[in-house]
Amino acid sequence: MTSEAKPDRRSLILSTPIESRAKTIAYCLLAAVLVVAYFYVLLCYWAPANPGTDQNGYQFGGKLFAQTFTTGFKPESPFSFVGWMWVRTSDGWYYPKYGLGLPVLDAIALWIGGAAHGINWVYLISPLSSAIALFGMYRLTRLVAGSFASLLAVILLACNGLLLVLANNSNSHAPALVFVVWGMYFLVRWWQQGNWWRGLVAGFLLGYAVTIRYTEGLLALPIAFAMLTSWRYARPWRAQQRRLSLATFLSILAVLCVYLCTFLPVGHSLISQKAAALIAICIGAVGIASVILSRPRVVGGISGWYTVIAATLLILAVVALPIRFMQIQFDPQAIIRPPGWFMILSLAYLPLVALALSIEWRSVSRASMMPFLGWIIPVGALVAFNYFAMHSFTGYDSTNESTGFTWQSFAENWDFMLQQLDNGMFLLFPIGLLGLGLLYRWNWRFALLMTLWFVPSALLYTSYYWTGAFRSIAFLRFFLTLFPPVILGACWLFDQFLSDFAKTQSPDPSLASSRDFFRRGAIAAPIACGLLVALISGVSVNANLGGLERDFVLNINLADAGERIMHLVPAGSTVFGDQRTLLNYLQFAGDYHCFAPESFSQRFGGRMMREGDPNQPTPLQYARREYMKSVYEKMNETALQNEQARVIREAIQSGRRVFLIMPSTGITAGPFTARLPRDFTTTTLARWKEPAEMSPKAKRAFDALGPFAMLLGRGSGVISWQVTEIKQGAGGVTNAPTTRPFVPTTNRANTRKSFFGRLGA
């Protein structure tokens, strides 16, 4: 009795251009030099601060994780400052609605940097991620194109305006980019070589990208495609018709069980929805397992596919179509329609059965499962943390934003999405799409992998309910991780053009490699490609220099204010400050009890009490709004003023100093001090003017933010700050205005000195 040979895995075979070792090393070193130079340029516009609300969620969450291994906290007062991107649980804890991945990276930077450097090093994560992603772009493109074209891919990604603006922004986009690019690179390498560790690394990197941005979960599609196409398959057989019929019946039984037990108004639900769904899944699993385990070893012909088609039509006829298009009405006040996931369960079950029947399971090895294992580790940890901490699978569930993807939004946004992608990749977007299309003739499996990377996520973001006020970078930033496959398609097309042109110019193509265009004198093609890339990159850089300087000036002025404040205000103090300009940053960078003066007013309470539909997606959690509404409804303006005084008195009585830190020209400082009881005195400790001023181009970029500029609570001009201490009782000692000397400017040389001084000081 002879044992059957184990079927070999189906590896991905790419016609990677072969070049000399010297040329490969030289171009690789050149790519590394470009990456280092790019990182240095980013540091010229770098400052360790950011006033954003999104950034507050990531960074303060990371600080909490570094201290307590959780991103949540319970405020000491309902009026304590809590960032706008935080969600409230039923037990009064607040968590950032974002994934756990970036706060963990921030926590690692805090652990490594320690008390001396940790805060500043957190702001290096985005520029470092951007630079490392560039080298990943080179390695990924090099798998399908020559070194010269791969170098062009690095330049195109580096000079892309969206990445330039986001590279120094301490939010999720640059870290997500580096994990996605390198994850796809290792996925392709695993697909080629089959090494278990490459699969594990690929799955982990792509899974960790999900913990940074939930929508990167769609990259499970490329992972699944690579895994499924690495296995071997047998054709369905006629002898399996009975078992396929059984699977069809079990499928119908499963979906009807879920529907009847949970969605039909029969007075009361027979069982809970979760229990019914679990029963349906178990029935389906039993059906699939029974068919797989009892199938014959002898493979028949292709006629078995007729059974698959017939069974699929049966499901459509018996389950999906009637329930989808008929309104089942038992109660005159209620019209029952099945949810979207119910339709997916109805339609997806039988194809999964057919797939399971076709797989040669002997070709499925442990190495072939490593991408899934690597992916499920970070994703499983994220889901477990969310469930036990926030009692939901994502932070967006409680704001209904996880359901904010609709066909109506897609119909409204699809043309705008195409325009924005064309603007974000000037001249490159149509070239990249052409390259991705032609890539199918070269290697359809790799082309489909790139398509699954780009298309599903692009369609998903297009259907999102929120597109931003002016729908510019606020909308386009979601697409940053989708730029690499388009750039790869364009550079592969460049490489094909270079190769064909070199062949036609060579008098004897058999004597030289088709890519020896420099040595053979065929330099017109590389010059043409280089000029096109220079045009695309130059226009992109020139159009975004204003945005780079705008963000640098805002951040360096905030870093200057933070350094002065932390030099003057002791840790543990109670600080009242502007939440849009200061507190988002100071809550992370300092160690203070933070309050916003405007929160002790009915005007602010009116914003929190604004009515809304609890079932619609909203950036600010409805449950949190309802809680704050219950607080403000019980208090008039006088009660809020007394609450403010109580907070100050309790802080002073507990030995904490109290400070008001506001722009001296702001409209909040005067009313705040006027509302203080007579037994309080105020002493101004320091005043200063912001050291950096925007150029005309940066001011235009600031004005282009439109309503988003209002979120910063300031204009494009220079503002003055003041620190005022609040004491109880008369005769308080006035401290001399002392601050640490720190006068940054927008001059690049001084900026570099400031950066390296901050990094090592």
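- The shortest side-chain heavy-atom distance between Gln587 and Lys63 does not fall under the 4.5 Å cut-off.
- Looking at heavy atoms from C-beta onward, Asp560 lies out of side-chain contact with Glu563 at the 4.5 angstrom threshold.
- Between Thr215 and Tyr461, the side chains place a donor N or O and an acceptor N or O closer than 3.5 Å (distance only, hydrogens not considered).
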Using side-chain hydrogen bond (donor to acceptor under 3.5 Å, both in side chains), reason through Gln55 and Asn169 one step at a time and then give a plain yes or no. CA-CA 8 Å; Gln55 290 77 3; Asn169 195 320; 2.4 Å; yes
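- Phe416 and Phe475 have tilted rings, their planes meeting at an angle from 30° to 60° on a 0 to 90° scale.
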Please step through side chain to side chain contact (heavy atoms under 4.5 Å, CB included) for the pair Phe179 and Leu105, ending with a clear verdict. CA-CA 12 Å; Phe179 278 96; Leu105 295 180; 3.9 Å; yes
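- With sequence neighbours excluded, the residues that form a salt bridge (charged side-chain N to carboxylate O under 4.0 Å, His left out) with Lys97 are Glu401.
- Side-chain contact check for Val539 versus Leu535: some heavy-atom pair is nearer than 4.5 Å.
- Neither side chain, Ser720 nor Arg687, offers a donor N or O lying under 3.5 Å from an acceptor on the other.
- Under the 6.0 Å cut-off for aromatic ring centres, Phe60 and Phe588 do not qualify, their centroids lying 6.0 Å or more apart.
- Classification of Glu549 and Lys699 as a salt-bridged pair fails, no side-chain N sitting under 4.0 Å from a carboxylate O.
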Which is it for Met184 and Met450 under the side chain to side chain contact (heavy atoms under 4.5 Å, CB included) test, yes or no, and what are the steps along the way? CA-CA 9 Å; Met184 294 300 292; Met450 295 296 104; 4.2 Å; yes
Stepwise side chain to side chain contact (heavy atoms under 4.5 Å, CB included) check, Phe497 with Cys529: CA-CA 9 Å; Phe497 170 66; Cys529 293; 3.8 Å; yes
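- Residue Leu583 comes nearest to Gly577 through the heavy atom pair CD1-O, 3.4 Å, listed as atom of the first residue, atom of the second, then distance.
- Under the 3.5 Å distance criterion, with hydrogens and angles disregarded, no donor-acceptor pair is assigned to the side chains of Tyr58 and Ser170.
- Residues Asn168 and Asn555 form no side-chain contact, since every pair of their non-hydrogen atoms from C-beta on lies 4.5 Å or further apart.
- Screening Val35, Ile25, Leu151 for a side chain to side chain contact (heavy atoms under 4.5 Å, CB included) with Leu30, the sole residue that qualifies is Leu151.
- Counting only heavy atoms from C-beta outward, the side chains of Leu545 and Leu548 approach each other to under 4.5 Å.
- Ring planes of Tyr123 and Tyr585: tilted class, angle from 30 to 60°.
- Heavy-atom minimum distance, Cys159 versus Val541: CB-CG2, 3.7 Å.
- Within the 4.5 Å cutoff, no side-chain heavy atoms of Tyr98 are placed close to those of Pro103.
- Gly424 approaches Phe483 most closely through the heavy-atom pair O-CE2, 4.1 Å.
- With a 4.5 Å cut-off on side-chain heavy atoms, Ser147 and Tyr138 count as touching.
- Open room surrounds CH2 on Trp414; 12 or fewer heavy atoms of other groups in view lie less than 6.0 Å from it.
- The backbone N or O of Gly538 sits nowhere less than 3.5 Å from a side-chain atom of Asn542 that would complete a donor-acceptor pair.
- A ring-ring contact (aromatic ring centres under 6.0 Å, His included) with Tyr396 is found for exactly one of Tyr465, Tyr214, Tyr464, namely Tyr214.
- Side chain to side chain, Asn557 and Glu693 fail the donor-acceptor criterion of an N or O pair below 3.5 Å.
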Is there a side chain to side chain contact (heavy atoms under 4.5 Å, CB included) between Ile565 and Trp721 once you walk through the steps? CA-CA 10 Å; Ile565 291 167; Trp721 289 84; 5.5 Å; no
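- Side-chain contact between Phe65 and Leu100: present, with at least one pair of heavy atoms (C-beta onward) separated by less than 4.5 Å.
- Ring orientation note: the planes of Trp121 and His117 are close to parallel, at an angle under 30° on the 30°/60° scale.
- Side chains of Trp86 and Asn56: a donor on one and an acceptor on the other come within 3.5 Å.
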